[in-house]
Peer 1: 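Here you go, one structure.
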Amino acid sequence: MTTVVENVEINKEELIKNKIKSISKPIEANVIGCFWSNPHAYFNYPDVTRDMFKSPRWQFYFEIGKKLALKNIMKIDEMAVELLIQNSDKTKARFNKYGGFEPAETVMECATVENMDSYINDLKKWSALHNIVEILTMEESMLDEFKDLDVNELYDYYNAQLNGIFINADDGVETHKLGDGLDEIIEEANKGLNVGMPINSPILNEEIGGVIDGQIILVGGLSGTGKTSVTIQLELSALFMSEEPGVIMLNEQDHVRWKMELLTWIINNILLKDVENPKYFNKKRWRQGNFTPEERELLKAASEFLKNKMDNNEIILCHFKSYSAKQAERIIRKYASLGVKKFVLDTFKISSDRDDGESFWLSMQEDMRKFDDLVKASNLNVNLWVTLQLQKGAVLKRYLTGDSIGMAKNVIDVASVGLLMRRLRNDEYEGGKFEIKVIDPISPESKMTGRTVTLDPNKKYVIFFIEKNRNGESQTYQIVAEQDLGTLRYKEVGICDIPFDS
């Protein structure tokens, strides 16, 4: 579409796009100033992309800043940039072409980080307008394509174009027609894509559908009941054996202990799996030291096994010096942007940076709600496995419910799966006053049929209460598993039905 004025051909679309670029240029500069002033903001705004910047200079600085953020740079300075680009002559040439560090330094001084939401909303708006002009311009050749369309089909065509433009410039709400895409949904489900990463707990895995992206799995238990051990035995082992990347956020046990426990798990569950009458390695040996030659050989073999598995996909351990829910959110955003889908938070508790004027239980509920918003399928679509300590009064209860969490019990509301666990008590073995009848189900479909299992009084067991489950049944039966906290061995033995009022 052109107009001739005094023999000069003027392209109206180009004029409009150039006008939009002129308007958005200072907005883009402000956004870059905010990102470079606070690199971790990149993970708070994952929907901001390079293409939203129409200025080549600010596109370039956006990419440089993002790369530095992914390297965990907390403050961008000239030295950090120089170290990043030192091995690329092409990148150094572009950096110098655009003025080096000075333009970024100028916008960092001028931009107001507190106004970042406003800057980004304006960035999205002008980017969308630019794309409207660019994408919806009609070429003469398109008329032939439109000849056979009726007005409704023409509407659908342009509506699809607009949806594509505004996908990253919406108000945070997605709308879908109920009848759209049903065939695709069926085909995707047929491929088994709704099945999560399997865990080594067959009955539990069948009931909750594995570790499914877009969901929170909450595991609550009293102190000392083995929440962390269960996390290692089920979640970490599944990540490790499937060679899937993951991030484990720690605020109690440090990364060294987790590495020790994973090596213990490898020895007893992998290396000694098919050994007749094995001599299991107990994790207390880490504390005692003076390893025997046999133990050294096993530890070396476990170390090599671990390193070989990590060649494909890394598992990162992040240890909080002081637990902060905001830091946890940033970690999830950061590694989700790198493709990580599985996260663990051990243990969820009161954030160190909470508002002192807010009740602790309200603060915890709000933190969990934010985690849910962050991980859900419509946002980052990742899974978060969270451990939580139950209130001390829960030790008196045989049947655990959400009330066992205490005043912050509503944290379980946002979880897709809520598991509460306790140790089997001495009077619940055979012959005890509260003896538990354990059934070994023939299949998950015949949960309350099958043979009775006699629990060995010389072994320790853990009971799982499925308090909440969006993927299957809940509050209908409990799962009993043999758990050795010393050797990190875990094996389901069956299910039971503990009376609610016992």
Peer 1: Could you check whether Asn471 and Gln215, counting side-chain N and O atoms only, form a donor-acceptor pair closer than 3.5 Å?
Peer 2: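 The criterion, which ignores hydrogens and geometry beyond distance, is satisfied for Asn471 and Gln215.
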Peer 1: Would you call Glu428 and Arg422 a salt bridge, taking side-chain N to carboxylate O under 4.0 Å as the test?
Peer 2: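 Result for this pair is yes, salt bridge flagged.
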Peer 1: Using the benzene-type ring in the case of Trp, are the ring centres of Tyr61 and Trp36 under 6.0 Å apart?
Peer 2: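 Yes, the ring of Tyr61 comes within the 6.0 Å limit of the ring of Trp36, centre to centre.
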Peer 1: Angle between ring planes, Phe240 versus Trp265, binned at 30° and 60°: parallel, tilted or perpendicular?
Peer 2: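 Judged by the thresholds at 30° and 60°, the geometry between Phe240 and Trp265 is perpendicular.
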Peer 1: Quick one: do the Glu366 and Ser363 side chains pair a donor with an acceptor below 3.5 Å?
Peer 2: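 Ser363 and Glu366 do not have a side-chain donor-acceptor pair below 3.5 Å.
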Peer 1: Tell me whether Arg489 forms a cation-pi arrangement with Tyr280, defined as NZ or CZ under 6.0 Å from the six-membered ring centre and within 45 degrees of its axis.
Peer 2: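 Relative to the ring axis of Tyr280, which defines the angle, Arg489 lies inside both limits.
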Peer 1: Around Lys349, counting heavy atoms of other residues, nucleotides and ligands shown, do more than 12 lie under 6.0 Å from its NZ?
Peer 2: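 Counting other residues, nucleotides and ligands, NZ of Lys349 exceeds 12 neighbours.
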Peer 1: Going by ring pair (Phe, Tyr, Trp, His ring centres under 6.0 Å), Tyr399 matches just one of Phe500, Tyr477, Phe434. Which one?
Peer 2: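 Single pass found, and it is Phe500.
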Peer 1: Take Ile73 and Ile76 through the test side chain to side chain contact (heavy atoms under 4.5 Å, CB included) and record every step on the way to the result.
Peer 2: CA-CA 7 Å; Ile73 296 295; Ile76 298 178; 4.3 Å; yes
Peer 1: Does a donor on one side chain and an acceptor on the other come within less than 3.5 Å for Lys334 and Asn72?
Peer 2: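 Their side chains do contain a donor-acceptor pair, which is all the 3.5 Å distance test asks for.
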Peer 1: Under 3.5 Å, is there a donor-acceptor pair between the Thr228 and Asp346 side chains?
Peer 2: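 Result is yes, a qualifying pair exists.
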Peer 1: Can you list every pair that meets salt bridge (Lys or Arg N to Asp or Glu O under 4.0 Å) and has a residue in residues 83-96, with sequence neighbours left out?
Peer 2: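 Salt bridge (Lys or Arg N to Asp or Glu O under 4.0 Å) check on residues 83-96 returns Asp89-Lys92.
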Peer 1: Check this for me: does any side-chain nitrogen of one of Glu482 and Lys460 sit under 4.0 Å from a carboxylate oxygen of the other?
Peer 2: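 Not counted as a salt bridge, because no side-chain N and carboxylate O are separated by less than 4.0 Å.
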Peer 1: Are Lys433 and Asp427 close enough for a salt bridge, meaning some N to O gap below 4.0 Å?
Peer 2: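 So Lys433 does not pair with Asp427 through a salt bridge.
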Peer 1: Thinking salt bridges, do Asp484 and Lys283 make one under a 4.0 Å N-O criterion?
Peer 2: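 Salt bridge absent between Asp484 and Lys283.
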Peer 1: Please round to the nearest 0.5 Å and tell me the distance separating atom CG of Leu384 and atom CZ of Phe348.
Peer 2: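 Result: 9.5 Å between the selected atoms.
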Peer 1: How about Phe62 and Tyr42: are their ring centres within less than 6.0 Å of each other?
Peer 2: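 Yes; Tyr42 has its ring centre under 6.0 Å from that of Phe62.
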Peer 1: Do Phe305 and Ile270 make a side-chain contact, defined as non-hydrogen atoms from C-beta onward lying under 4.5 Å apart?
Peer 2: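 SC-SC contact between Phe305 and Ile270 confirmed.
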Peer 1: Quiz question: by atom type and distance under 3.5 Å, do the side chains of Arg330 and Gln327 form a donor-acceptor pair?
Peer 2: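 The answer is no; no qualifying pair exists.
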Peer 1: Kindly indicate, with the supporting measurements, whether the criterion salt bridge (Lys or Arg N to Asp or Glu O under 4.0 Å) is fulfilled by Lys309 and Glu243.
Peer 2: CA-CA 6 Å; Lys309 278 286 185 183; Glu243 298 185 3; 3.4 Å; yes
Peer 1: Determine whether Thr347 and Tyr323 make a side-chain contact, defined as any pair of heavy atoms from C-beta on separated by less than 4.5 Å.
Peer 2: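 Thr347 vs Tyr323: side chains apart.
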Peer 1: Going through the distances and angles, do Asp213 and Lys342 end up as a salt bridge (Lys or Arg N to Asp or Glu O under 4.0 Å)?
Peer 2: CA-CA 7 Å; Asp213 294 340; Lys342 303 297 187 292; 2.8 Å; yes
Peer 1: Between Ser201 and Tyr490, do the side chains contain a donor N or O and an acceptor N or O under 3.5 Å apart?
Peer 2: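 Yes, Ser201 and Tyr490 have a side-chain donor paired with an acceptor closer than 3.5 Å.
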Peer 1: Can you name the one residue among Val493, Val438, Ile466, Ile463 that meets side-chain contact (heavy atoms from CB on, under 4.5 Å) with Ile479?
Peer 2: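 Of the listed residues Val493, Val438, Ile466, Ile463, the side-chain contact (heavy atoms from CB on, under 4.5 Å) partner of Ile479 is Ile466.
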Peer 1: If you measure from the Lys or Arg side-chain nitrogens to the Asp or Glu carboxylate oxygens, is any gap between Lys341 and Glu244 under 4.0 Å?
Peer 2: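 Glu244 and Lys341: not salt-bridged.
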